Number of protein chains: 2
Amino acid sequence: MARVAGVAKSTVSRAFIHPTLVAAPTRERIRRIADEMGFRPSRVARALSTGRTGLVGLVVPTLSNPFFGPLVAATQQAAEEEDRQIVLMISELSAERETRIVERLSREVDGLIVATSLCEEAFLRKVAKEIPLVLVDRKVGRLASVLIDTPSGVAAIADHLIGMGHRRLCYVSGPPGSWADAPRIAALRARAEEGGADIVVAGPIPPTVDAGIEVAETVAAAGVTAVIGYNSATVLGLLHGLGTRGVRVPEDVSVASADDFILLQSTKPAVTVLHLPLEEAGQAAVRMLERLLRGERPGRPVVIGPRLVIRESTLRARPPG
Amino acid sequence: MARVAGVAKSTVSRAFIHPTLVAAPTRERIRRIADEMGFRPSRVARALSTGRTGLVGLVVPTLSNPFFGPLVAATQQAAEEEDRQIVLMISELSAERETRIVERLSREVDGLIVATSLCEEAFLRKVAKEIPLVLVDRKVGRLASVLIDTPSGVAAIADHLIGMGHRRLCYVSGPPGSWADAPRIAALRARAEEGGADIVVAGPIPPTVDAGIEVAETVAAAGVTAVIGYNSATVLGLLHGLGTRGVRVPEDVSVASADDFILLQSTKPAVTVLHLPLEEAGQAAVRMLERLLRGERPGRPVVIGPRLVIRESTLRARPPG
DNA sequence: ATGAAAGCGCTAACAC
DNA sequence: GTGTTAGCGCTTTCAT
């Protein structure tokens with residue numbers, strides 16, 4: 001390539017990386033010839049010489065949960081803009097496997113994005129010292145992180161409901177031991193108190209349609225006019241279970257979901273959901289990682305706020321009586 | 001590292017790659033010292049020297065469709081066993097974007113796995129000449145590929161149904177223009193003919209719960225005793241729509257799904273589905289790629305057969321009258 | 001503004 | 001069985 005263009009290879013190299021250091025005519029000629037011969041600088045050789053691979057490790061616990069697909073997609077896209085490639089690893093919800101993966105990956109990529117990490121804090125701290133690390137959906141001390149503020153989103157649902165006259169709401173909680181429930185319930189209670197409403201908590205139940213159908217019994221008997229489900233499966237079940245019991249949605253009871261799996265937009269009625277802007281989260285994570293890679297400080301966690309998507313399943317409360 | 005162990009670096013290198021060429025004591029010593037100092041051979045340097053990066057490109061159209069999550073996970077796991085890493089790219093269902101991605105990736109990885117490719121045949125052929133390429137869920141001439149034989153799976157559903165005395169079945173077809181429908185319908189008709197049954201085709205309809213609910217009207221009026229839905233969303237809708245119209249599942253009508261999104265196992269009744277063994281597909285793809293990388297010929301496409309999972313939603317047909 | 005040369009960390013061919 | 005050496009294709013000083 002350099003020979004063909006009649007210049008030294010260092011000049012070719014410069015033409016690509018520091019275009020300003022090369023005289024315009026030379027630069028153009030090099031570019032043109034490179035195009036003609038389909039020349040692309042080898043990332044590997046560059047990596048060896050610069051110490052940076054252009055690779056970003058992305059670790060997610062699973063791809064079965066619809067939460068992570070969009071996150072991975074967004075991260076990949078954002079990384080691509082920075083001319084980086086994503087090395088994806090899936091921990092299969094095992095903390096031990098995740099630890100191994102992160103350990104290994106940390107020696108082979110420029111930086112790491114780890115979503116909903118199950119690892120121990122101490123380990124993550126250690127890793128962050130060795131390599132730029134961004135946590136998504138997990139907070140560990142001052143480590144760089146992108147947080148999705150579902151509790152405040154759930155609170156927004158409560159506001160919406162209370163604003164429509166509902167005074168007695170039910171939250172159907174998720175699987176026993178889910179770390180997600182407590183903050184949501186706390187946020188919910190706070191809003192309810194402000195708005196003069198009551199919160200009834202049903203569950204915990206497994207996040208399945210079936211469990212949702214069964215818990216409908218409890219919900220129907222609880223004397224509430226609105227219910228918020230832990231996730232889409234729960235809500236799908238609720239819809240079905242309430243219908244079976246002759247409870248009309250939304251006329252008798254309003255229903256909302258704390259997540260937004262796509263099916264919920266095509267049920268009857270379409271369900272009011274919390275949309276989690278995972279695209280934003282992915283972009284934010286990449287931006288933050290890029291900052292770390294430039295040697296800048298992580299700064300405060302980026303908090304992504306869910307957006308309330310109001311659909312047919314939530315309605316003004318019927319006037320009492 | 002070499003210095004610490006008192007040997008030449010080539011010996012260290014050999015101790016890792018061709019252990020047999022190094023005397024056992026030397027090898028052990030090297031390994032021990034390497035462990036102690038946490039030494040890991042640089043993949044980048046190795047890549048530059050050998051011309052192989054250890055990277056495998058994986059291209060999928062989207063992660064929103066639950067089909068691809070498990071496929072990606074399986075592929076990643078299988079690749080890991082071979083000490084390879086997956087560079088994931090998502091085409092967002094755009095043929096143009098996919099083409100760009102494949103083009104780019106092909107210069108930076110050892111091999112490529114492309115799922116449900118939207119690219120043109122000629123392009124894929126060209127790429128396959130430049131770099132080991134395995135297609136998943138798409139067949140192009142003699143190119144290496146892993147196929148998922150849904151038509152024969154759908155036929156298995158028909159057999160199951162016909163075996164239980166059903167003589168009039170309905171297939172609810174997917175989105176207009178779906179390439180998946182025609183082969184399924186053909187397989188269905190063939191089986192029906194053999195078994196002395198009739199096939200009614202409803203649709204095409206969009207693959208949404210809502211459309212499934214609406215098409216239930218048609219299905220209910222079609223005088224069939226069993227219905228096979230294009231996918232999970234369709235079936236979820238059917239379940240709901242049939243119920244609303246007083247049609248009991250499975251007593252009046254049996255219902256089955258041509259895919260197996262997890263929700264369907266926790267509906268009421270649990271739905272008979274076609275399980276697509278995507279784990280196998282991922283493994284097969286990696287194995288096949290590995291073969292190509294060794295310079296062997298691709299061989300015939302690997303065909304993965306779906307497995308029929310019989311649940312509560314399919315029942316013996318009621319005796320006529 | 002450009003060239004020459006060193007070196008990134010490894011592998012592989014060739015000596016010994 | 002092990003050491004020596006020559007690259008792999010770039011980036012980056014240091015000259016010019």
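Letters go in sequence order (proteins before strands), and every chain restarts at 1. Quick caveat: nothing in here was measured; it's all calculated off a predicted structure.
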Between C1' of dC8(D) and CZ of Arg43(B), the distance in whole Å: 17 Å

Sugar-phosphate, base or nothing in reach of Val44(B), heavy atoms under 4.0 Å: nothing

Nearest-Å distance for atom pair CZ/C1', residues Arg52(A) and dC10(D): 16 Å

Non-hydrogen side-chain atoms of Asp110(B) and Leu55(B) separated by less than 4.5 Å: no

Neighbour count >12 (heavy atoms, 6.0 Å) for atom CZ, Arg294(A): yes

Nearest to side-chain heavy atoms of Ala8(B), which nucleotide of dC10(C), dT2(D), dG3(D): dG3(D)

Between Phe261(A) and Phe261(B), ring centroids under 6.0 Å: yes

Euclidean distance, atom CD1 of residue Ile30(B) to atom P of dG1(D) [Å, nearest integer]: 14 Å

Distance-only polar pair, side chains of Glu80(A) and Gln76(A), donor-acceptor under 3.5 Å: yes

Any Thr26(A) side-chain nitrogen or oxygen under 4.0 Å from OP1 or OP2 of dA1(C): no

Rounded interatomic separation in angstrom, taking CG from Leu21(A) and P from dT2(C): 10 Å

Sugar-phosphate or base contact per nucleotide [nucleotides 11-16 of chain D; S, B, -; heavy atom under 4.0 Å]: BBB---

Euclidean distance, atom CZ of residue Arg40(B) to atom C1' of dG9(C) [Å, nearest integer]: 15 Å

Atom-pair distance (CZ on Arg107(B); P on dG9(D)), nearest Å: 15 Å

Cationic tip of Arg31(A) above Phe16(A) ring, under 6.0 Å, 45° of axis: yes

Selected nucleotide, minimal atom distance to Leu48(A) side chain, candidates dC10(C), dG3(D), dC8(C): dC8(C)

Under-4.0 Å salt bridge between Glu28(A) and Arg32(A): no

